[in-house]
Amino acid sequence: MKGIFPVNKFRELRTPFYYYDTKVLRDTLTCIKTAAAHYANYHVHYAVKANANPKVLSIIRESGLGADCVSGGEIRAAIKAGFPAEKIVFAGVGKSDWEINLGLDYNIFCFNVESIPELEVINELAAAKGKVANVAFRINPNVGAHTHANITTGLAENKFGINMQDMDRVVDIALEMKNVKFLGLHFHIGSQILDMGDFVALCNRINELQEKLFARRIIVQLINVGGGLGINYDHPNRQPIPEFKNYFATYAEHLKLRPGQELHFELGRAVVGQCGSLITKVLYMKQGTNKKFAILDAGMTDLIRPALYQAYHKIENITSDEAIEAYDVVGPICESSDVFGKSIDLNKVKRGDLIALRSAGAYGEIMASGYNCRELPVGYTSDELV
Ligand code: LLP
C-alpha cells in the first residue's frame, strides 16, 4: 500500500483500469445529504453522464439521490441500478422518439424540454399512450461561467435550452396542451465551476424570470438549477470533498423561491470526480532530444479530458519513492494530443511502475472509446479489492 492505494492488489490486475475508492464516494454522498438536509425543499439528483459504472451507480442510489439522465441508455442504467422512476429526470437537446417513449413507459418524474418542436413530440407521444408527461423547460439564461469554453452551456450562442424571450410563449403553448403538465424551469450554465459568483448570476437571472411568470400569476412547482460544481484537481488529497455547504448556501441566499417551490440540483462531477483514479503501467522510458518521456499503457481512449479540454489530472508514481524527475507523460495512441501532462514531477520512473491519474471518477471511464481497436478500461471499487 502506498498512500491511499492497494498497490499489491493492483499488481494482480490488468492495466489500465479505473479504481473507485468507495469510502471517498460514500463520504461525499453523506456530506451532500447532510448539507442539503438543512433545506426542506432541496432535491438532489446525480447526473449519470459523469459515471454510469453499475457499482458506482448503485452506491449513489443507496444514498437516496435521484438520477438526471440524458439518453434512453442512461434511463435504463438508472433503472437497472434501482433508482425509482419517480426520481428520474430526462434532459437533452435531442431526444429520440424511442427515448421519449421509454421515459413515458417508466413514468419518469419529468422531461426537461429544450425546444417547442420537442414539446410537441412529447405531447403527441404521451397522447398516444393516454398519459400526461411532466415537463420543465430548460431556459438558456445567457449567463457565462468561468470554466473551459467546451463546457460552458448557458450562453445565448450555445445550442442548449429555450431563449429567455420565448419563455412566455412556450409556457402558453404547454398550458394549452392536454398531455403535458408544466412543472417548472430548468437551467444549467456549465461544468467545473468554482466561482460561486457564477451561480449567483444564475440566481439573479432566475429571479427575473420568476418575476415575469409571477406577473402572470404563475408560480411553478420547481426550479432545477442543473449541476456544475467543480472539484479540486490540483489537490485531491487536500480536498477530496467539494464545498457542498457553501454551494447549497449560495442558492439559499440568492435564489428567491416562492412558498412551496422545490429546488432541484443535478450534480455529476462533484459527486464522483474525486473517488476515481485511472491506474496505468509504464511501458517504456524514452529519452527525447531535451526531455524524458514516460510512455503509459493508458491513453486518451481511456481518459480523454486532457486531450479534449487541456484538463489537468494530478499524476503520481505509486510504486516509487526515488528522487523526483520531470517527465512528459504520454499514452500509446497514434495522436499527438495523446499527452497526459508535460514536465510532470514524478518519483523516478522505470518500466513496470504503476501510475495513478487522479480525480478521474467523473467523465473518465464513461468517455472511454475503442479508437485504435483498444479494449475499454474496466472499473474496480475498493470494496472488491480488499
Ligand atoms: N445537468 C445538465 C443539464 C448537464 O448538461 C450537466 C453536464 C450536468 C447537469 C452535470 O454537470 P456537472 O455537475 O458534472 O458539472 N465532459 C466534460 C463535462 C461535460 C458536462 C456536461 N453536462 C468534462 O469532462 O469536463
Side-chain angles (χ1 to χ4, degrees), residues 1-37 44-68 74 77-84 87 227 229-233 235-245 265-280 298 302-303 305 313-314 316 318-319 354-368 376-386:
M1 189 106 179
K2 180 180 172 196
I4 55 173
F5 295 111
V7 172
N8 289 339
K9 291 276 176 195
F10 286 180
R11 290 254 180 237
E12 297 163 14
L13 302 170
R14 179 171 157 181
T15 50
F17 60 87
Y18 276 89
Y19 172 71
Y20 300 110
D21 185 327
T22 55
K23 179 169 182 335
V24 173
L25 177 58
R26 290 197 171 96
D27 287 352
T28 306
L29 290 163
T30 304
C31 189
I32 295 173
K33 297 295 284 181
T34 317
V44 184
H45 301 260
Y46 166 63
V48 174
K49 64 172 81 66
N51 188 324
N53 180 298
K55 297 165 234 172
V56 170
L57 272 187
S58 80
I59 292 174
I60 296 171
R61 189 259 306 152
E62 280 163 18
S63 79
L65 300 194
D68 159 44
E74 285 191 1
I79 294 280
K80 208 168 163 199
F83 285 89
K87 281 192 179 179
L229 177 64
I231 61 171
N232 190 336
Y233 282 98
H235 302 290
N237 294 339
R238 219 184 281 170
Q239 202 191 357
I241 299 183
E243 288 281 342
F244 294 109
K245 228 173 137 182
F265 298 87
E266 302 167 343
L267 293 168
R269 186 189 318 265
V271 181
V272 289
Q274 295 292 40
C275 75
S277 297
L278 176 61
I279 307 297
T280 158
D302 305 293
L303 178 63
R305 302 194 67 260
H313 287 263
K314 192 166 193 284
E316 293 169 0
I318 58 174
T319 46
L354 291 175
I355 301 289
L357 288 136
R358 303 290 307 277
S359 313
Y363 307 109
E365 184 182 354
I366 195 72
M367 290 181 80
L376 294 176
V378 175
Y380 298 101
T381 62
S382 48
D383 295 349
E384 293 167 87
L385 300 187
V386 282

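Distance check, rounded to the nearest 0.5 Å: OG1 of Thr34 to CZ of Phe244 gives 10.5 Å. To the nearest 0.5 angstrom, Leu267 atom CG is 10.5 Å from His45 atom NE2. The line from OG1 of Thr381 to CG of Leu25 is 10.0 Å long, rounded to the nearest 0.5 Å. Here the CG-CD distance, from Leu65 to Glu266, works out to 12.0 Å after rounding to the nearest 0.5 Å.
A donor-acceptor pair is defined here as one N or O able to donate and one able to accept, closer than 3.5 Å; such a pair exists between the side chain of His313 and the backbone of Arg358. With Lys33 contributing its side chain and Ser63 its backbone, the two residues share a donor-acceptor pair below 3.5 Å. Here the side chain of Thr280 pairs no donor or acceptor atom with the backbone of Pro16 at under 3.5 angstrom.
Each salt bridge (charged side-chain N to carboxylate O under 4.0 Å, His left out) pair with one or both residues in residues 377-386, not counting sequence neighbours, appears once here: Arg26-Asp383, Lys55-Glu384. Residue pairs that meet the salt bridge (charged side-chain N to carboxylate O under 4.0 Å, His left out) test with at least one member in residues 9-21, sequence neighbours left out, are Arg14-Glu375.
A 4.5 Å side-chain heavy-atom check between Ser277 and Phe5 finds at least one atom pair inside the cut-off. Side-chain contact check for Phe10 versus Ile318: some heavy-atom pair is nearer than 4.5 Å. No side-chain heavy atom of Phe265 sits under 4.5 Å from any side-chain heavy atom of Asp68. By the 4.5 Å heavy-atom criterion applied to side chains, Ile60 and Val48 are not counted as neighbours. Counting only heavy atoms from C-beta outward, the side chains of Tyr46 and Val272 approach each other to under 4.5 Å. Within the 4.5 Å cutoff, the side chain of Tyr18 has no heavy atoms near those of the Asn53 side chain.
Of all non-hydrogen atoms in Leu278 and Ala298, the two that sit nearest each other are CD2-CB, 3.9 Å. The two residues Asp302 and Ala368 make their nearest non-hydrogen contact at O-CB, 4.1 Å. Shown here for Gly66 and Phe83, the closest heavy-atom pair between the two residues is O-CE2, 3.7 Å. Across every non-hydrogen atom of Ile366 and Ala50, the tightest pair is CG2-O, 3.4 Å. Smallest separation of non-hydrogen atoms from Ile231 and Pro242: CG2-CG, 3.9 Å. Of all heavy-atom pairs between Ala78 and Leu57, the closest is N-CD1, 4.5 Å.
The side-chain contact (heavy atoms from CB on, under 4.5 Å) with Leu29 is formed by just one residue from the set Val44, Ile241, Val271; it is Val271.
Annotation: side-chain hydrogen bond (donor to acceptor under 3.5 Å, both in side chains) contacts of Tyr20 (sequence neighbours excluded): Asn51, Glu365. Not counting sequence neighbours, Lys87 has no partner by the side-chain hydrogen bond (donor to acceptor under 3.5 Å, both in side chains) test. Residues that satisfy the side-chain hydrogen bond (donor to acceptor under 3.5 Å, both in side chains) test with Lys23, not counting sequence neighbours, are Asp27. Residues passing the side-chain hydrogen bond (donor to acceptor under 3.5 Å, both in side chains) test with Ser359, sequence neighbours excluded: Gln274.
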